[in-house]
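This report refers to the structure that appears directly beneath it.
Chain letters run A, B, ... following the sequence lines, proteins first and then strands; every chain starts at 1.
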Number of protein chains: 2
Amino acid sequence: MNIGDVAQRSGLPAKTIRYYEEIGLIRPQRGENGYRRFREQDLHKLAFLGRARALGFTIEDCRTLIALYEDESRESGQVKRVAEEHLHQIDDKIAQLQSMRTTLGHLIHACAGDHRPDCPILEDLAKDVPEEAASASEGVR
Amino acid sequence: MNIGDVAQRSGLPAKTIRYYEEIGLIRPQRGENGYRRFREQDLHKLAFLGRARALGFTIEDCRTLIALYEDESRESGQVKRVAEEHLHQIDDKIAQLQSMRTTLGHLIHACAGDHRPDCPILEDLAKDVPEEAASASEGVR
DNA sequence: TGTGGGGCCTCCAGTCACTGGAAGGTCAAG
DNA sequence: CTTGACCTTCCAGTGACTGGAGGCCCCACA
């Protein structure tokens, strides 16, 4: 199989597959013409990667998960730990986004959205800076 | 005010403030020693930026919002449109994350997480590739 | 046998919004 | 005069790709 075939069958762009080789996630063989030659096991691994990425696992997580997958003596607790860690990060992100969503929703609701210049959204963004410089108010990054 | 002062009062890291100058969001003056000199209006703008960023607006959105803020003849509808567009993107992201969350939650629930190697998480990730692209004879899912 | 159009290759640059660090100038206190 | 905090610029790196240039390879068709 050439890269175009695996791209189609795995659903991953050829560019991404080359990138995965570059960072050592896969090691396809090479033909005499220099073309990558993929075997079924490569395709399998790419599909694994595609699904893990679709669940939001980082590339490093994927590396770990593949290593565990190939390790006969793994303990499912190891896998579960990685997944739970990731779940927590997803939850954090959702919470952060929902907080933004709430605030933004209120502001949008309060804004007439007409031809006049008065706008609660801008007014909120331009609120005065609290004068207590010393006390720390930690923002989002 | 030097950069350290505005950093503290705006809650933004000095690095970020320098970056904002580099991309033209702010234009602080300079002292004879080469230090940036910030006025109250610069601080105000940085606070505006900090809040907009905390709501998840992109830098380009921020540029637009500041321009609207400074434009006396703006229409609040313009602001509202930007905010609504952004809200949609937040909603999309939340939906995507919640979908991941659901799947991942199921998998984690199904995984014993003990010393044995059997793991539904890995099994799911390693599911067979659907034969859709190559053969096109099988039924779809 | 030539030609045209894919497909494949590598390498480089860009994305987004910072962040870290090196190397060095400036300032106020002791 | 030294120390140390603060400031400067410049360069590189982050994550996970993505786009594009320039060039080789392969096959079908005339």
Side-chain angles (χ1 to χ4, degrees), chain A residues 1-38 42 45-46 48-66 86 89-90 93 96-97 100 133 138-141, chain B residues 1-38 42 45-46 48-66 86 89-90 93 96-97 100 133:
Chain A
M1 273 185 291
N2 283 342
I3 200 167
D5 305 316
V6 270
Q8 192 160 37
R9 291 182 60 190
S10 69
L12 295 171
K15 276 271 183 190
T16 299
I17 296 171
R18 290 195 195 98
Y19 173 68
Y20 285 173
E21 181 190 21
E22 191 187 317
I23 62 172
L25 279 177
I26 51 167
R27 281 182 216 287
Q29 300 177 318
R30 293 286 177 141
E32 291 187 0
N33 54 11
Y35 286 18
R36 289 168 183 80
R37 270 190 357 206
F38 297 84
D42 295 316
K45 212 161 171 177
L46 285 170
F48 186 105
L49 287 167
R51 266 188 299 269
R53 292 287 301 126
L55 284 179
F57 285 105
T58 65
I59 291 288
E60 283 317 299
D61 282 344
C62 291
R63 229 185 268 282
T64 306
L65 290 171
I66 282 193
H86 178 44
Q89 295 193 6
I90 288 178
K93 230 175 204 167
Q96 196 188 347
L97 285 170
M100 287 179 189
E138 197 56 30
V140 186
R141 253 159 260 179
Chain B
M1 274 185 288
N2 283 341
I3 200 167
D5 304 315
V6 269
Q8 191 160 36
R9 290 183 61 189
S10 69
L12 296 172
K15 276 272 184 191
T16 298
I17 296 172
R18 289 195 195 96
Y19 172 68
Y20 285 172
E21 181 191 21
E22 191 186 318
I23 62 173
L25 279 177
I26 51 167
R27 281 182 215 287
Q29 300 177 315
R30 294 287 178 141
E32 290 186 0
N33 53 13
Y35 286 18
R36 290 168 183 81
R37 270 189 356 205
F38 296 83
D42 295 317
K45 211 160 172 178
L46 286 169
F48 185 106
L49 288 168
R51 264 187 300 269
R53 293 286 301 126
L55 285 179
F57 285 105
T58 65
I59 291 287
E60 283 318 299
D61 283 343
C62 291
R63 227 186 270 282
T64 305
L65 290 172
I66 282 192
H86 178 45
Q89 295 193 4
I90 289 178
K93 228 174 204 168
Q96 195 188 348
L97 286 169
M100 288 180 188

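- An OP1 or OP2 oxygen of C/dC8 is reached within less than 4.0 angstrom by no side-chain nitrogen or oxygen of A/Arg36.
- When side chains are defined from C-beta on, B/Leu25 does not count as touching B/Tyr19, because their heavy atoms never get closer than 4.5 Å.
- Inter-residue side-chain proximity for B/Met1 and B/Arg36 is flagged as unmet; no heavy-atom pair is nearer than 4.5 Å.
- At whole-Å resolution of the value, CZ in A/Phe57 and P in D/dG15 are 17 Å apart.
- Taking A/Glu22 as the reference, nothing meets the side-chain hydrogen bond (donor to acceptor under 3.5 Å, both in side chains) condition, with sequence neighbours excluded.
- Scanning all heavy atoms of the two residues, the minimum distance from B/Cys62 to B/Ala52 falls at SG-CB, 3.7 Å.
- Sorted by residue number, the members of residues 15-29 of chain B with any non-hydrogen atom under 4.0 Å from DNA chain C read B/Lys15, B/Thr16, B/Tyr19, B/Tyr20.
- Residues A/Ile90 and B/Leu97 approach most closely at CG2-O, 3.8 Å, considering heavy atoms.
- The salt bridge (Lys or Arg N to Asp or Glu O under 4.0 Å) analysis of residues 25-35 of chain B, with sequence neighbours excluded, yields the pairs B/Glu21-B/Arg30.
- Partners of B/Glu60 by side-chain hydrogen bond (donor to acceptor under 3.5 Å, both in side chains), not counting sequence neighbours, listed by chain and number: B/Arg63.
- B/Arg18 meets the side-chain hydrogen bond (donor to acceptor under 3.5 Å, both in side chains) test with no other residue; sequence neighbours excluded.
- Atom CG in B/Leu55 sits roughly 17 Å away from atom C1' in C/dA17 (whole-Å rounding).
- Counting to the nearest Å, the C1' atom of D/dC17 and the CG atom of A/Leu12 are 11 Å from each other.
- Between the P atom of C/dC8 and the CG atom of A/Asn2 lies a distance of 5 Å, rounded to the nearest Å.
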Dump the pairs, protein N or O against N or O of nucleotides 24-27 of chain D, anything under 3.5 Å, distances to one decimal.
from	atom 1	to	atom 2	distance (Å)
D/dC26	OP1	A/Asn33	ND2	3.4

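- Note: CD1 (B/Ile3) to P (C/dC27) measures 16 Å, nearest angstrom.
- Close to C/dT10, at under 4.0 Å from its OP1 or OP2, lies a side-chain N or O of A/Arg30.
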